[in-house]
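Worksheet: the structure to be examined is printed underneath.
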Protein chains: 2
Amino acid sequence: MKKSEINSTEIARLAGVSRSTVSRVINNYTNVPAETREKVMKVIEAHNYFPNVSAQVLAGKRARTIGLFLFGQGRVSADVLTNMLIVSVIEHASEHGYYVLTHIIRDAKDTEVVKSVMEIFYQRRIDGGIFIGAANREPFIEELIAEGFVVGVVDQELPEQPEPNRIVSNFNNDSGMKQAVAYLAGLGHTGIGVINGDMNRLSGKTKYEGFMTAMRMCGLQVNPDWVLDGDFHETSGYNAVQTLLRSGVNLPTAIVAANDSVAFGAIRALKEQGLRVPDDISVIGFDDHAMSEKHHPALTTIRVDLGDMLKRMTSLLIATIEQKTLTVKEITLDCSLVVRDSCRRI
Amino acid sequence: MKKSEINSTEIARLAGVSRSTVSRVINNYTNVPAETREKVMKVIEAHNYFPNVSAQVLAGKRARTIGLFLFGQGRVSADVLTNMLIVSVIEHASEHGYYVLTHIIRDAKDTEVVKSVMEIFYQRRIDGGIFIGAANREPFIEELIAEGFVVGVVDQELPEQPEPNRIVSNFNNDSGMKQAVAYLAGLGHTGIGVINGDMNRLSGKTKYEGFMTAMRMCGLQVNPDWVLDGDFHETSGYNAVQTLLRSGVNLPTAIVAANDSVAFGAIRALKEQGLRVPDDISVIGFDDHAMSEKHHPALTTIRVDLGDMLKRMTSLLIATIEQKTLTVKEITLDCSLVVRDSCRRI
DNA sequence: CTGAAAGCGCTTACAG
DNA sequence: CTGAAAGCGCTTACAG
């Protein structure tokens with residue numbers, strides 16, 4: 001293995017200058033005459049020389065790497081969304097000359113796992129990190145922020161006195177829920193149920209609260225029997241509907257699901273019991289998952305632009321790392337109704 | 001920002017030992033008495049100390065990071081498969097204590113892009129890298145291997161005299177094609193067409209060759225009009241069939257597609273022209289894409305276990321990085337027929 | 001404009 | 001068993 005062993009000393013020797021000058025050329029110092037710069041660049045290119053990044057970081061440069069941490073409850077692999085997230089972050093980081101170290105957090109309750117995540121920051125492998133899918137105010141993330149690391153968290157509350165190294169991004173779930181309920185109300189529905197998401201996540205809470213507010217604003221009663229627990233996964237939608245059906249109570253004419261996966265599960269359970277969607281019961285989702293368009297029936301839902309959110313999050317994180325003086329600490333994106341075939345007029 | 005500024009000197013001072021000893025404890029040297037070790041460990045844990053990784057690498061340790069390079073022709077984001085690949089590599093690397101730096105290569109012909117990829121190796125950000133979706137014998141990958149970097153390439157030929165730092169993995173496409181053709185022949189098909197993949201990729205070539213061999217072995221003629229160009233993407237399947245239909249030649253009774261995406265495209269074009277699958281024409285795919293089961297009609301295909309392949313590739317790459325003396329340089333996995341609804345007996 | 005030198009935070013022969 | 005010291009490959013005040 002003849003690994004290229006060339007270093008700045010060697011480049012300096014070949015170019016007939018000092019290492020200081022080589023470094024100045026590499027770091028685009030302005031006080032290097034064009035002639036000297038070219039002479040050095042020629043040698044650098046001729047030898048395919050790239051400065052050792054560890055040495056650079058140790059000498060005070062940034063690692064130009066960000067961490068991307070995905071909380072996955074065991075089935076990340078299957079999720080189409082996840083891929084979009086990862087790719088979106090990688091490509092936008094790449095535009096800024098940053099690399100992405102991706103990590104999957106299977107169990108945020110496991111101290112070993114938490115330690116391994118924090119280690120990545122303490123080791124200085126990364127200049128900052130983005131967390132997706134975390135509980136609201138996840139303790140170890142709070143700790144990282146308290147330590148001064150630059151951290152971006154998707155789906156998270158911004159505290160009253162935000163630290164300069166904390167970034168947060170959210171969808172306007174309130175507006176989304178209002179659109180969903182208003183649409184169903186417009187179709188003549190009055191008995192509307194809801195299957196909640198994970199209440200430890202901010203979006204779980206805000207979606208539920210948004211639903212309640214929207215119902216009130218439309219002058220509709222919320223039947224407690226129709227407020228069902230869920231956790232954002234397909235199975236929870238399935239289970240929620242099954243429980244509802246078995247309980248023998250009256251059924252709502254429409255159900256709002258915390259996201260599209262939950263809606264898929266709900267529809268699956270409904271179908272299994274011989275109920276048709278939307279003929280017997282209408283279902284509306286949230287997120288506009290890649291599958292929703294192809295689903296039978298095509299799912300009416302609230303669209304959310306996660307790619308755009310992560311693009312902004314990535315840019316803001318990097319700007320913060322580079323100490324651009326920014327006052328923006330929060331990204332909020334709106335969402336909007338997509339009408340397809342899973343809801344009907346009654 | 002009170003970033004934890006603690007370093008090994010400080011730990012040494014607090015534990016009343018030298019930095020050498022702290023380092024020995026961290027690196028699990030055997031010649032440290034249990035008592036000393038514990039004393040040091042206590043201080044390390046009390047202060048949440050993790051050695052600076054750049055300093056470790058500079059001093060000769062491994063970065064414990066591998067690169068994952070995905071060639072994406074513009075639509076990686078949409079692909080369910082890609083996600084599985086990424087997650088599979090990350091999780092298995094993580095089991096070995098390695099991190100993954102993921103990079104997307106949009107255009108392998110762009111010298112700037114190629115330079116940025118090679119830079120990652122030269123900078124010593126990573127100890128090795130895995131490439132997925134590359135052309136067979138992609139020149140810049142060959143260059144990296146020649147430089148001595150540890151490289152794993154999925155879907156790639158192994159040279160006669162394999163270098164110790166080159167790893168390769170493939171599916172047994174020959175076997176897969178034999179199964180596909182045998183199955184169709186068994187259903188009574190004699191007029192079988194094929195839509196090829198990207199012939200610059202090894203699997204494009206081997207699938208085509210496998211098809212030709214299989215046809216010969218089944219005693220079937222290959223009609224040149226029914227050998228269609230493609231590139232592994234949905235659109236190419238669509239275009240291939242459209243061209244075939246417009247050309248006015250006789251139609252085959254069955255088509256073998258280079259992968260499931262191509263099959264989806266082919267079926268879409270068929271449907272648009274009023275042809276039913278499998279009633280008018282049978283279609284068989286390759287890969288068993290996550291969508292294939294849900295497709296209408298559910299796609300008969302050849303299943304391939306990419307997750308398993310990447311798991312093995314990741315382990316082998318890391319073993320090679322760690323200089324375990326291994327003779328295995330090639331991973332080959334078999335594939336197998338999955339019968340669903342897109343082929344019929346005639 | 002440019003070089004010599006200190007320093008970043010580790011690891012590891014070396015000597016005892 | 002353990003410490004002092006050299007060295008990894010850079011960057012950047014400092015001095016000229």
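Order of the sequence lines sets the chain letters (A, B, ...), proteins ahead of strands, with each chain counted from 1. These numbers come from the heavy atoms of this one structure, side chains and all, not from hydrogens, waters or symmetry mates.
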Separation of atom CG in B:Asn52 from atom C1' in D:dC10, rounded to whole Å: 13 Å

Given C:dT11, D:dG9, C:dC10, the nucleotide with the shortest approach to the side chain of B:Asn27: C:dT11

Given atom CD1 of A:Ile11 and atom P of C:dT2, what is their separation to the nearest angstrom? 17 Å

Can you give me the dot-bracket string for DNA chain C, 5' to 3', counting Watson-Crick and G-U wobble pairs with both distances under 3.5 Å, using [ ] for crossing pairs and | for partners on another strand? |||.||||||||.|||

Report the distance from atom CZ of B:Arg64 to atom C1' of C:dT11, rounded to the nearest whole Å. 16 Å

Spatial distance of atom CG (B:Leu310) from atom CZ (B:Arg312) [nearest 0.5 Å]: 11.5 Å

Would you confirm whether the ring centroid of B:Phe121 sits within less than 6.0 angstrom of the ring centroid of A:Phe50? no

Would you mind reading off the distance between A:Leu58 atom CG and D:dG7 atom C1', rounded to a whole angstrom? 12 Å

Take a 6.0 Å sphere around NZ of A:Lys39 and say whether it holds more than 12 heavy atoms from other residues, nucleotides or ligands. yes

Quick one: do the B:Arg24 and B:Thr36 side chains pair a donor with an acceptor below 3.5 Å? no

Is the ring pair B:Phe71/B:Phe131 parallel, tilted or perpendicular, if the boundaries are 30 and 60 degrees? tilted

What is the distance from CD of B:Glu10 to P of C:dG9, rounded to the nearest Å? 11 Å

Tell whether B:Arg24 reaches the base of D:dG3 with its side chain through a donor-acceptor pair below 3.5 angstrom. yes

For A:Ile66, does its backbone N or O pair with a side-chain atom of A:Asp127 as donor and acceptor, under 3.5 Å? no

Can you tell which of D:dA5, D:dC10, C:dT11 lies closest to the side chain of B:Ser20? D:dA5

Nearest listed nucleotide, side chain of A:Thr21, among C:dT11, D:dT12, C:dG3: C:dG3

Gap between atoms CG and P, on A:Asn28 and D:dT12 respectively (whole Å): 12 Å

B:Ser8 side chain N/O closer than 4.0 Å to the phosphate oxygens (OP1, OP2) of C:dG9? no

Out of C:dC8, C:dT12, C:dC10, whichever nucleotide has its closest atom nearest the side chain of A:Ala59: C:dC8

Taking the basic N atoms (NZ, or NE/NH1/NH2) and the acidic carboxylate oxygens, is any pair closer than 4.0 Å for B:Arg13 and B:Glu10? yes

Go through residues 29-43 of chain A and report each residue with a non-hydrogen atom lying under 4.0 Å from DNA chain C, sorted by number. A:Asn31, A:Pro33, A:Thr36

Considering only NZ, NE, NH1 and NH2 on the basic side and carboxylate oxygens on the acidic side, decide whether A:Arg166 and A:Glu142 come within less than 4.0 Å. yes

Would you say the side chain of A:Val100 lies within less than 4.5 Å of the side chain of B:Leu101, judging by non-hydrogen atoms? no

Integer-rounded Å distance: D:dC10 C1' and A:Gln56 CD: 7 Å

Rounded to the nearest angstrom, tell me the gap between atom OH in A:Tyr122 and atom P in C:dG9. 16 Å

